[in-house]
Amino acid sequence: MWVTQIIKDGKKHRVFLDGEETFWLYSSELRASHLQENMELAQEQYEQILYEYIVKRAKRRALHLLEKMDRTKKQLTNKLFGSGYPAAAVEAAVKYVESYHYLDDERYARHYMELHKERDSRQKMKTDLMRKGVDREMIDALLEEEQESVFSESGEPIEGIQQGAEERETAQIVRWLEKKHYPVQPQDEKEKRRVYQFLLRKGYKSSEILTQMEKAEQQVT
């Protein structure tokens, strides 16, 4: 491979190999690596630079990001790529934090569900977690496990899990309507649409939202 260009940007230098931006080096690192434009870079020398400077920095960056907030593997990977680290450094950094269990999608999903289960529908939690990169099968298993734990604690038979989940979400809709002081008087169609769209974004079924809104309206007539 060839060092085709080196661009200084503040205290750092963007190094291009074979015409593509590959990594960043600080001035002292660039001097120690003896890199110059239009020079051939052997694979061995490239790997030495990668693991001596870039991977170490990517690991520190990954730890810093996880100290600030818990993240999924996808979120951390995207953050590292966004910071300009090459794929090999990102992969090494992710494996490093995973090896110490600083990064754990299952733990993240469990914590997320615990925080949101009383205010979001199961579908909303599933959609959000999938968007964050958590595996669909893992989410389904955790949702089922969470629902089973609710029923085992309450003494209800496992056969009633699906019905219980629906009743739980109906109760959530009712609480949201109460929190939104629905219905308003006099009835405001614009406000009604706003509340309906809000609950729809929460992942609740349209039919159940409309049913509970109608019941709320009947209670004040």
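- A cation-pi arrangement is present between K180 and F198, with the terminal nitrogen or guanidinium carbon under 6.0 Å from the aromatic centre and inside a 45° cone about the axis.
- Taking a cutoff of 4.0 Å between a charged side-chain nitrogen and a carboxylate oxygen, E145 and R110 qualify as a salt bridge.
- Of the N and O atoms on the side chains of Y182 and E191, not one donor lies less than 3.5 Å from an acceptor on the other residue.
- Evaluation of the side-chain contact (heavy atoms from CB on, under 4.5 Å) rule for N78 yields K74 as partners, not counting sequence neighbours.
- No side-chain donor-acceptor contact under 3.5 Å links Q48 and E44.
- A salt bridge does not link E52 with R57: none of the charged nitrogens is closer than 4.0 Å to a carboxylate oxygen.
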Mind running salt bridge (charged side-chain N to carboxylate O under 4.0 Å, His left out) on K202 and D120 for me, showing each step along the way? CA-CA 6 Å; K202 286 285 183 183; D120 286 344; 2.8 Å; yes
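- For the pair K59 and Y96, the cation-pi test (distance below 6.0 Å, angle within 45°) is passed.
- Proximity of I54 to W24: side-chain heavy atoms (C-beta onward) are nowhere separated by under 4.5 Å.
- Annotation for Y108: hydrophobic cluster partners, listed by chain and number, are Y112, M113, M125, L129, M130, V134, M138, I139, L142, L143 (ILVMFWY side-chain heavy atoms under 4.5 Å, direct or chained).
- Q123 pairs by the side-chain hydrogen bond (donor to acceptor under 3.5 Å, both in side chains) definition with T127, not counting sequence neighbours.
- For the pair R136/K126, a side-chain contact is recorded, criterion being any heavy-atom separation below 4.5 Å from C-beta on.
- Using a 3.5 Å distance cut-off with no hydrogens or angles, the side chains of Y204 and Q172 do pair a donor with an acceptor.
- Side-chain N/O atoms of Y196 and S206 include a donor and acceptor closer than 3.5 Å.
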